[in-house]
K.L.:
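Sharing a structure with you now.
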Amino acid sequence: MIKLWSQFFIPTLKESPADAEIISHKLLLRAGLVRKLGGGLYTYLPLGLRSLQKITQLCREEMDAAGALELWMPHLHPVEFWQEGPRWTAAREIMYRADSAGQQSAGRRPSPEPEFVLGPTHEEIITPLVKSEITSYRDLPKNFYQIATKFRNEIRPRYGLMRAREFVMKDAYSFDADDAGATRSYRAMEAAYTKFFARCGLKTISVEADTGVMGGSFSHEFMVPAEVGDDDVVFCEECGYAANRQKAVSGLVPADLKDAAPTGAVEEFPTPGIVTIAALEAAPYSVPADQQFKTLLYVGDGKLFAVVLRGCDDLAEAKLGALGFNLFRPATPEEIIPIMGARPGSLGVVRGTIKNPGALAGIFADHAVRLIGNGVTGANRDGQHLRNVNVARDLAITKFDDFRSVREGEPCPKTGRPLRICRAIEVGHVFKLGTKYSEKFGAVYTDDQKQSRFMIMGCYGIGISRTLQAVIEQCHDADGIAWPWNVAPFQVLVVLLDPMVPAAAEVARKLAAAAEAAGADVLLDDRNERPGVKFKDADLIGVPLRITVGGRGLKEGIVEMKWRTEKDVAKVPLAEAEARVRAAVAGAPAR
RNA sequence: CGGGGCGUAGCUUAGCCUGGUAGAGCGUCUGGUUUGGGACCAGAAGGUCGCAGGUUCAAAUCCUGUCGCCCCGACCA
């Protein structure tokens, strides 16, 4: 159906509302795609909904093509499912509670827990379903997905749809009989994601990622490079290595590194009031940050442990996940002092200086600390530090591993070329979960040897509404949005400059009909507005192909065709117009 | 949750410091003139100045509290 602008609803704005910060958020509002209801809550207006539905449909097509099966799960989850799951403690903080007010006020349900929570994702729902419905290897593998609203109590919603409290997500869950199958399922989703984002007109890169509270063995994120992104992506231009900074590794520490020879015995020296790396770097101490030991204390599953880094390095907290703790957090001074003997700022892990070493669950050091020779660390006495500290001789390290955050310019682990870093928006994430959920919920099947085995799971998310905004972030210019063909709310806009002239209206109507017959979604601007208003609005809402029909052109016997992303305006003789429109529409998706 | 900022008409905002009639631009409505890149003229409607207390003869303005929103940090698609 051709839509008439005068009867549609596109409330464009000349100025953007003050609470929009980034360009895609401003354009969402200015082009009349969405309106804000509250923080992180948006209404999709008719124009915005059209794009959202196109993205949804593309996603559905790629998921179906990959063999996934669409279903629909409730958003209101009985809290028991989450309480029985493996991540209740971590997940409850981001979940909205839903109680029945009537029952509460009647005093029939004095429980401190809610009856229901609003679903932030659905592992806890799909796994019990599959557990009860699938019991044989003959029914595996299976991959179920849905495209639905998710609710997360984001600590800080921001940037419009980019990080919202309520958002549209495609979530898929695969169940396999064995590890090889699970890997195949994972690869199939990766391939489907690549196709999907390409069809949306988005340039994405796939990067190695951290599994976070989701758990699982490995994971990739699909990233849209953008200054406004929340993530840092580390990549090598030569070999294609790409990873989230939380996960990325560099070749900074040579594998054959020889530890420096000690130049003297460990020696304590006074450092009154010095509690930062920077202060020790300054005169009179003048110890370079890369020759200082940074000692951080964390609490993992209730036990204190230490992490040692070079003073110049930052901890990539996600890498602590490799230590096997379910939940960890920085320790407080109250927890640290009785065990270490000093306040943060004077800590160290030199043998014999820790007040109560038995209370530590471990001392973990980043590989890069081995680059330090005769370095400086805290003495575990306030206002005192130690010099001539050497890793092999003086420190009691439980385990070396990679804990530091990579910095731009460090050598790629494979090629040695300098690594680069860019900001990016995460639009998709695939996880190989393993058996974390199937074990917890008892999702087992019987194999061909009559053996009972846990299903191997994977889960796969795409931020549908976030993708919508990422497209705008990537496809716009100073005048407005420039939609890729496949996700444009309308693909052809016929601008009728003289709606009161019957001959012009007739030409416009015919060209609109031709475009529609060729398969395009068509909007006809029949408003009785001045040409300037119509052109400005056309650029703002970003319809890919614009056809202008006006009295001036008709006198010359032409109409105009213009692509949103190009400067040129083609003057098309009336006699050829319909054919040219059909040809343009037919060739458009390949542009 | 910590730090910073802002709440005045549908949108953008002035006024607040130094208390005394709430002002503009855009948008909307009416009439007219216009009509190829956000027109012009004339007129009109639209505000409990986020909310609640307090100080004062008098509060948008000062004080206290509260709510909401935005930005910076940790979490996530």
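All chains are named by letter (A, B, ...) in the order of the sequence lines, taking the proteins before the strands, and each is independently numbered beginning at 1.
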K.L.:
Do the rings of A/H429 and A/F431 sit parallel, tilted or perpendicular, given the 30° and 60° boundaries?
P.N.:
parallel

K.L.:
Would you kindly check whether a donor in the side chain of A/R546 faces an acceptor in the base of B/rG36, or vice versa, at under 3.5 angstrom?
P.N.:
no

K.L.:
Quick one: are the ring centres of A/Y193 and A/F222 less than 6.0 Å apart?
P.N.:
yes

K.L.:
Please report the distance, rounded to the nearest Å, between CZ in A/R165 and P in B/rC69.
P.N.:
6 Å

K.L.:
Start at the 5' end of RNA chain B and walk down; is the nucleotide closest to A/F167 or to A/P17 reached first?
P.N.:
A/P17

K.L.:
Taking the P atom of each, how far is B/rC71 from B/rU13, in whole Å?
P.N.:
14 Å

K.L.:
Would you kindly give the CG-to-P distance between A/D537 and B/rG36, to the nearest whole Å?
P.N.:
17 Å

K.L.:
Can you tell which of B/rG38, B/rA77, B/rC75 lies closest to the side chain of A/E426?
P.N.:
B/rA77

K.L.:
Determine the contact category for A/A91: base if any of its heavy atoms lies under 4.0 Å from a base atom, sugar-phosphate if only primed atoms, P, OP1 or OP2 are that close, otherwise nothing.
P.N.:
nothing

K.L.:
Are side-chain N/O atoms of A/E208 and A/N244 paired as donor and acceptor at under 3.5 Å?
P.N.:
no

K.L.:
Using the C1' atom in both, what is the distance from B/rC57 to B/rA52, to the nearest Å?
P.N.:
23 Å

K.L.:
Does a nitrogen or oxygen in the side chain of A/R530 sit under 4.0 Å from OP1 or OP2 of B/rA39?
P.N.:
yes

K.L.:
Is A/G550 touching bases, backbone alone, or none of the nucleic acid, heavy atoms closer than 4.0 Å?
P.N.:
base

K.L.:
With a 4.0 Å cutoff (strictly under), does any side-chain N or O of A/R156 reach OP1 or OP2 of B/rG3?
P.N.:
no

K.L.:
Are A/Q469 and A/S24 close enough that a side-chain donor and a side-chain acceptor fall under 3.5 Å?
P.N.:
yes

K.L.:
When we call it a touch if two heavy atoms are under 4.0 Å apart, what does A/T467 touch: a base, just sugar-phosphate, or nothing?
P.N.:
nothing

K.L.:
What nucleic acid atoms does A/K36 come within less than 4.0 Å of, heavy atoms only: base, sugar-phosphate, or nothing?
P.N.:
sugar-phosphate

K.L.:
Hey, which sits more toward the 5' end of RNA chain B by its nearest nucleotide, A/E21 or A/R163?
P.N.:
A/E21

K.L.:
Checking contacts here: which listed nucleotide (B/rG73, B/rA77, B/rC76) is nearest the side-chain heavy atoms of A/F431?
P.N.:
B/rA77

K.L.:
Mind checking if A/E154 touches a base, just sugar-phosphate, or nothing, with heavy atoms under 4.0 Å?
P.N.:
base

K.L.:
If I pick the C1' atom on B/rG15 and the same atom on B/rU21, what distance separates them, to the nearest angstrom?
P.N.:
14 Å

K.L.:
Please measure how far the C1' atom in B/rC41 lies from the corresponding atom in B/rU48, and state the result in whole Å.
P.N.:
35 Å

K.L.:
Answer with yes or no after comparing the ring centroid distance for A/F116 and A/F81 against a 6.0 Å cut-off, counting only values under it.
P.N.:
no

K.L.:
For the side chain of A/H429, starting at C-beta, report the closest nucleotide among B/rC75, B/rG38, B/rA77.
P.N.:
B/rA77

K.L.:
Any idea which of B/rG36, B/rC75, B/rU12 is nearest the A/R552 side chain?
P.N.:
B/rG36

K.L.:
Taking side chain to side chain contact (heavy atoms under 4.5 Å, CB included) as the definition, give me every residue that meets it alongside A/A18, ordered by chain and number, with sequence neighbours left out.
P.N.:
none

K.L.:
When we call it a touch if two heavy atoms are under 4.0 Å apart, what does A/D171 touch: a base, just sugar-phosphate, or nothing?
P.N.:
nothing

K.L.:
Provide, to the nearest angstrom, the distance between the NE2 atom belonging to A/H25 and the P atom belonging to B/rC71.
P.N.:
8 Å

K.L.:
Does a side-chain heavy-atom distance below 4.5 Å link A/R564 with A/D477?
P.N.:
yes

K.L.:
Return the value, rounded to whole Å, for the distance between atom CD of A/Q146 and atom C1' of B/rA77.
P.N.:
13 Å

K.L.:
Looking at A/Y193, I'd like to know whether one of its side-chain N or O atoms comes within less than 4.0 Å of OP1 or OP2 on B/rA77.
P.N.:
no

K.L.:
Assess the side chains of A/R60 and A/Q57: does a donor N or O sit below 3.5 Å from an acceptor N or O?
P.N.:
yes

K.L.:
Are A/E335 and A/T332 close enough that a side-chain donor and a side-chain acceptor fall under 3.5 Å?
P.N.:
yes

K.L.:
Between B/rC17 and B/rC63, how far is it from one P atom to the other, in whole Å?
P.N.:
9 Å

K.L.:
Suppose you measure atom C1' in B/rA60 against the same atom in B/rU35; what distance do you get, rounded to whole Å?
P.N.:
43 Å

K.L.:
Which nucleotide in the set B/rC69, B/rU12, B/rC72 lies at the smallest distance from any side-chain heavy atom of A/Y159?
P.N.:
B/rC72

K.L.:
Nearest whole Å is fine: how far is B/rC70 C1' from A/D19 CG?
P.N.:
7 Å

K.L.:
To the nearest 0.5 Å, tell me how far A/Y42 OH sits from A/R165 CZ.
P.N.:
10.5 Å

K.L.:
Is there a donor N/O on one and an acceptor N/O on the other, under 3.5 Å, for the side chain of A/R30 and the base of B/rG38?
P.N.:
yes

K.L.:
At under 4.0 Å between heavy atoms, what does A/N244 touch on the DNA or RNA strands: base, sugar-phosphate, or nothing?
P.N.:
nothing

K.L.:
Within the 4.0 Å heavy-atom criterion, would you say A/V533 contacts the bases, only the backbone, or no part of the nucleic acid?
P.N.:
base

K.L.:
Specify the separation, in whole Å, of atom NZ of A/K534 and atom C1' of B/rU34.
P.N.:
15 Å

K.L.:
Using whole Å, what does the distance between atom P of nucleotide B/rG73 and atom CG of A/D314 come to?
P.N.:
14 Å

K.L.:
Any heavy-atom pair between the side chains of A/Y173 and A/T121 that's under 4.5 Å?
P.N.:
yes

K.L.:
Return the value, rounded to whole Å, for the distance between atom CG of A/L29 and atom P of B/rC70.
P.N.:
11 Å

K.L.:
Could you encode protein contacts along nucleotides 22-29 of chain B as a string, one character per nucleotide from 5' to 3', using B for base contact, S for sugar-phosphate-only contact and - for no contact, with a heavy-atom cut-off of under 4.0 Å?
P.N.:
---BSS--

K.L.:
When you compare B/rA9 with B/rC51, how far apart are their P atoms, in angstrom units rounded to a whole number?
P.N.:
10 Å

K.L.:
At what distance, to the nearest 0.5 angstrom, does CG of A/L540 lie from CG of A/L13?
P.N.:
8.5 Å

K.L.:
Looking at every strand, decide which applies to A/E93 at a 4.0 Å heavy-atom threshold: base, sugar-phosphate, or nothing.
P.N.:
nothing

K.L.:
Quantified in whole Å, what is the C1' atom distance between nucleotide B/rA22 and nucleotide B/rA39?
P.N.:
30 Å

K.L.:
Pull out every stem in RNA chain B, meaning runs of 3 or more consecutive Watson-Crick or G-U wobble pairs with both distances under 3.5 Å.
P.N.:
B:1-7 with B:67-73, B:10-13 with B:23-26, B:28-33 with B:39-44, B:50-54 with B:62-66

K.L.:
Over all strands shown, is A/M162 touching base, sugar-phosphate only, or nothing at heavy-atom distances under 4.0 angstrom?
P.N.:
base

K.L.:
In terms of side-chain heavy atoms, does A/H220 have a donor or acceptor partner in A/Y186 at a distance below 3.5 Å?
P.N.:
yes

